[in-house]
Amino acid sequence: MSDSSAPWWRQAVVYQIYPRSFADSNGDGIGDLRGILSRIDYLKSLGVDAVWLSPFYPSALADGGYDVDDYRDVDPKIGTLDDFDDLVAALHAAGIRLYIDIVPNHSSNRHVWFQQALAAAPGSPERDRYIFRQGAGPDHAAPPNDWIAAFGGSVWEPVGDGWFYFHLFAPEQPDWNWDNPEVREEFLTTLRFWSDRGVDGFRVDVAFGLAKDLSEPFLTQEQVKAMLPGANHPYFDRDGVDEIYRGWREVFNSYDPPRVAVAELWREYSSRKARYATMESLGQAFFFDIMFAGFDAGRVRKVVEDVLGWAAESGSSSTWVLSNHDIVRHASRLGLPDPEPHDAEAVVDDCRRWLLSRGAEPVEDVAGGLRRARALTMLLLALPGSTYLYQGEELGLREVADLPDSARQDPTFFLNTGYDVGRDGCRVPLPWTSDGPSFGFGTGPAHLPQPAWFADYSVQGQETDPASTLNLYRAALRLRRGLEGPEELEWLDAPTGVLRFARPGGWHCVTNFTGRPVEMPDGQVLVASGPLSDGSLPGETTVWLRTEDAR
Ligand code: GLC
Ligand code: CA
């Protein structure tokens with residue numbers, strides 16, 4: 001059934017591993033590459049096509065590893081390059097491809113080139129690899145402008161000689177100057193380094209930020225905030241990124257099979273997203289819009305149609321994703337009341353305020369959140385295109401909203417005090433067993449403390465329960481392999497609040513978004529996101545059917 005002439009990635013299920021929180025092989029509380037190696041059978045049993053590793057590079061962890069000291073090495077706390085080679089070999093032997101994260105917008109302040117820049121004089125070639133400007137005011141003590149960084153505070157950090165460097169994120173993450181040819185060449189070398197080691201693909205962090213126009217006079221923060229990302233924005237989504245990625249494409253295409261990439265793009269980029277996903281550019285782009293649609297038939301259908309349209313425009317396949325290491329886990333998100341009116345801003349803001357209350361207000365609907373998460377995930381897995389899963393969602397894991405402040409690590413917590421508690425709650429190490437130190441994550445503690453309720457979500461506990469979320473994911477991924485055909489979808493008539501679509505080969509997916517049962521459509525039930533009652537499809541449930549309609 002599957003379309004064997006299509007490139008492997010177009011409809012792949014990619015599983016995101018946050019290495020420090022997946023499995024710890026030596027009991028030091030930090031997940032590592034050997035830990036991942038020890039869980040290859042688990043990844044195989046889950047049935048994913050590829051794994052994406054969040055950064056594992058040497059890092060002081062000012063931003064969870066997205067502050068990279070050295071792009072061509074492994075953090076000694078996580079392993080070695082030999083471990084990495086072993087991991088690639090083991091994944092490939094298991095038929096699983098590997099994506100790694102590449103962070104081209106900024107390095108860490110410990111990167112050797114940044115250290116050289118600090119030691120060098122203003123105007124030197126060393127400083128030109130980053131973005132330095134002289135301070136404002138008579139003694140150059142004030143930042144060059146009033147721009148605010150993504151994690152709070154000024155985008156400018158003084159270096160003590162009247163000059164400042166630019167950082168869109170934490171002060172420990174100086175932005176590269178992509179106008180500098182040495183920087184461009186350095187990243188091509190890094191892409192080749194990992195491709196030569198067998199890496200199949202790259203997830204490109206902050207893919208929209210590389211090209212900047214910081215010429216003076218500067219716009220004010222207020223003016224920048226009011227602008228849409230795009231050609232005229234000083235640093236987001238400028239046309240200049242296209243040329244950079246054309247150069248990357250040449251490297252990708254020099255391998256057989258060509259290496260692939262997926263651009264991280266947040267929701268504001270909708271109208272220009274397709275550019276990143278063409279085969280002249282990165283080849284795929286994240287369409288995060290579905291994360292903010294909530295659980296509503298009309299909104300979900302609209303996003304699916306939009307995303308399929310953008311993907312078609314680029315010639316690429318669509319990408320579906322509900323959770324990652326930057327956002328409240330979807331089992332929790334879908335357990336919070338719907339904002340009124342519902343839009344992406346409101347969802348983000350509600351999540352932020354819920355976390356600020358440490359998960360106390362509003363009270364999370366735990367059972368409902370999981371029910372909706374399972375139903376929506378099943379819908380996504382039936383769509384054409386690729387799906388990105390985030391570690392732990394296959395366990396139905398919820399956000400850990402009440403981590404003690406003393407345990408928090410995310411810079412957004414420290415830089416935006418009282419406004420944002422940050423993203424640590426979706427990065428808590430996985431529970432593998434129902435008891436034991438760190439629930440089987442390792443033999444020691446977990447670097448972010450796990451709550452007692454993690455015991456109920458463990459892999460061990462779910463293995464033997466046929467109705468568990470883990471077994472639902474396994475069943476869905478197994479079936480999907482057999483059902484997958486061309487990237488086509490046809491909407492079919494359905495009652496209000498129900499979405500039904502057909503895929504080639506008689507595969508139908510029906511989701512009941514309402515709270516009441518509806519009549520079960522004809523067909524053989526392949527799998528359902530929750531218990532079925534005789535002759536009807538219960539509320540907040542998805543079912544996959546096989547029908548006679550074998551187009
Ligand atoms: C991306 C990453 C996020 C990180 C940021 C800065 O958005 O996903 O985790 O904080 O880039 O590198
Ligand atoms: Ca470890």
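Bear in mind the structure is a predicted one, so any value in this text is a computation, not a measurement. Just follow the structure's listing: the first ligand is 1, and inside any ligand the first atom is 1. Just the heavy atoms: all of them, side chains too, but no hydrogens, waters or symmetry mates, feed the values below.
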Need the atom name: nearest N/O/S atom of Asp32 to the Ca ion (ligand 2). OD2

Side chains of Gln409 and Leu448, heavy atoms from C-beta outward: is any pair under 4.5 Å? yes

Tell me: protein heavy atom nearest atom 7 (O) of ligand 1, and distance? Glu264 OE2, 2.7 Å

The Ca ion (ligand 2) is nearest to which N, O or S atom of Asp24? OD1

By number and element, which atoms of ligand 1 are closer than 4.0 Å to a non-hydrogen atom of Arg423? 3 (C), 4 (C), 9 (O), 10 (O)

Judged by atom type as modelled, is there a donor-acceptor pair below 3.5 Å linking the side chain of Thr387 to the main-chain atoms of Leu381? no

Please list, in number order, the atoms of ligand 1 under 4.0 Å from a heavy atom of Arg427. 9 (O)

Donor-acceptor side-chain pairing of Gln391 and Ser21 below 3.5 angstrom: no

Distance under 6.0 Å and angle within 45° of ring axis: Arg352 vs Tyr419: yes

Kindly identify the option in Asp205, Asp101, Asn105 whose heavy atom sits closest to atom 2 (C) of ligand 1. Asp205

Could you tell me if any non-hydrogen atom of His167 lies under 4.0 Å from any atom of ligand 1? no

Assess the side chains of His233 and Asp213: does a donor N or O sit below 3.5 Å from an acceptor N or O? no

Please check if any side-chain donor atom of Asp82 sits under 3.5 Å from a side-chain acceptor atom of Thr80, or the reverse. no

Counting from 1, what ligand 1 atoms have a heavy atom of Gln173 closer than 4.0 Å? 12 (O)

Test your reading of the model: is there a side-chain donor-acceptor pair from Arg129 to the backbone of Asn177, 3.5 Å cut-off? no

Minimum-distance N/O/S atom that Asp28 presents toward the Ca ion (ligand 2): OD1

Note: Phe151, heavy atoms under 4.0 Å from ligand 1, region reported as side chain

N/O/S of Ser25 less than 3.0 Å from the Ca ion (ligand 2)? no

Report yes or no: does Gly29 have an N/O/S atom closer than 3.0 Å to the Ca ion (ligand 2)? no

Of the options Asp69, Asp70, Asp75, which is the one that meets Arg110 in a salt bridge (Lys or Arg N to Asp or Glu O under 4.0 Å)? Asp69

shortest atom 12 (O) of ligand 1-to-protein heavy-atom contact is with His106 NE2, 2.8 Å

Closest to atom 10 (O) of ligand 1 among Asp326, Val68, Asp63 (heavy-atom distance): Asp63

Any side-chain donor paired with an acceptor under 3.5 Å for Asp49 and Trp8? no

